[in-house]
> 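The structure's right below; bear with me while I get my questions together.
All chains are named by letter (A, B, ...) in the order of the sequence lines, taking the proteins before the strands, and each is independently numbered beginning at 1.
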There are 2 protein chains.
Amino acid sequence: MLSEKQKELIERIGVFHEHKGMQPLVGRIIGLLLVHSNAEATFEEIVEELSVSKSAVSNALTFLQAKERITYHTKPGDRKRYFSLRMKNWSEELEKEMLEITKMKIFIDDVIKEREGSSCAEFKKCLVDFSDFLEFFKSEIPSIFKKFRSQKA
Amino acid sequence: MLSEKQKELIERIGVFHEHKGMQPLVGRIIGLLLVHSNAEATFEEIVEELSVSKSAVSNALTFLQAKERITYHTKPGDRKRYFSLRMKNWSEELEKEMLEITKMKIFIDDVIKEREGSSCAEFKKCLVDFSDFLEFFKSEIPSIFKKFRSQKA
DNA sequence: TATTTGGTTCTTTTTTTTGTGAACCAACCG
DNA sequence: CGGTTGGTTCACAAAAAAAAGAACCAAATA
């Protein structure tokens, strides 16, 4: 069902997602759904194509649904679920990732507060600068998407 | 040496970095260096304040140096190394993180290529759109920093 | 009603990651 | 020299993450 090239690509996609902290199987399922010729796969197919246990797949799919990365639909007279990526979401997904970066600001600000009245002026200036940038970046995120849309049209 | 509040903050910073895929001790060392009143710490101090073994600290510090997240300097007549965060780097660091997001483009493009000639027009459109955005975002990164600098001045 | 299908849950096993501790080494110190 | 200091390395242990497998369940089917 899957060519060597496809399997390799799935593996690469899996590793990429692992690096972002996802568990291995979750990443490879994303890979499979991206590569799969119908852009969707059944529970069974996932078990077979990735040769993992049903329980592992069940857990991974539950996780992916909780994170709203996938959905499934069913076909009349067919009890199987057809899982697919919620691709229309990609911009929300990316926005989340960008926001994730800015989350640092929360503890950076706490560090700044904690260091109030202490020395290390140079260091503290860096921290404030850093925090300012994170705030700036957060506020810029919507504009980035807006700019892309308008530039595209 | 460290207050409860400081320890808690270090722990939070540690967990944040763990979520990004760093190993626990590495994240907590970053936390310690951020919170430490001198903004620097010796090997010994790290061992004591975080109550971990010398070997664990040695490995974590080697890692952090390899990643260019820390440096050390020495003091005349003192063999100890004083480790500190390379804070002036924060913008490079952030830039790397943003670029990391765009790395997805590489395999998204491979997926697009792999799907050439297949159906799922809707899905493929999403992929192309996604890829285009990643390209756009990558090209925008320098402007974001530039805009921040000019807006600050 | 018995059986198959599609999937979940729970317990156990395997694997990986993280950290320990002892031995070691090089530089300096007395 | 012989010992101390500052740190590294390596073999191993503890802990956590990932996956397996069997038992189970609910809906559909025969």
> For D:dA18 and A:Arg28 - does any side-chain N or O of the residue sit under 4.0 Å from the phosphate oxygens OP1/OP2?
no
> Calculate the interatomic distance between A:Met22 atom CE and D:dA19 atom P; express it in whole Å.
14 Å
> Counting only side-chain nitrogens and oxygens, does A:Arg81 get under 4.0 Å of the OP1 or OP2 atom of C:dT8?
yes
> Rounding to a whole Å, what distance do you find between B:Gln65:CD and D:dT8:C1'?
12 Å
> Take the protein atom OH of A:Tyr82 and the nucleotide atom P of C:dG7, then report the distance between them rounded to whole Å.
9 Å
> Is the backbone of B:Lys125 close enough, under 3.5 Å, to the side chain of B:Asp129 for a donor and an acceptor to pair up by distance?
no
> Could you tell me whether B:Arg69 and B:Glu93 make a salt bridge, using a distance below 4.0 angstrom between a side-chain N and a carboxylate O?
yes
> Compare all side-chain heavy atoms of A:Phe145 with those of A:Ser91 and state whether any distance is below 4.5 angstrom.
yes
> OH of B:Tyr72 versus C1' of D:dT8: gap in Å, rounded?
13 Å
> Looking at B:Glu45, is its backbone amide N or carbonyl O close enough to the side chain of B:Glu48 to form a donor-acceptor pair, meaning the two atoms are under 3.5 Å apart?
no
> Please report the distance, rounded to the nearest Å, between CG in B:Leu25 and P in C:dT18.
10 Å
> Can you tell me the distance, in whole Å, between the CZ atom of B:Arg79 and the P atom of C:dC25?
16 Å
> Would you jot down, in residue-number order, the residues of residues 46-64 of chain B having a non-hydrogen atom under 4.0 Å from DNA chain D?
B:Lys54, B:Ser55, B:Ser58
> Hey, do the aromatic rings of B:Tyr72 and B:Phe83 have their centres closer than 6.0 Å?
yes
> Are B:Glu100 and A:His19 close enough, and set up right, to give a side-chain hydrogen bond (donor to acceptor under 3.5 Å, both in side chains), and what steps lead you there?
CA-CA 10 Å; B:Glu100 193 58 39; A:His19 285 332; over 6 Å; no
> Roughly how many Å is it from CD in B:Glu18 to P in D:dA16, rounded to a whole number?
11 Å
> Round to the nearest Å and state the distance from A:His19 atom NE2 to C:dT17 atom C1'.
15 Å
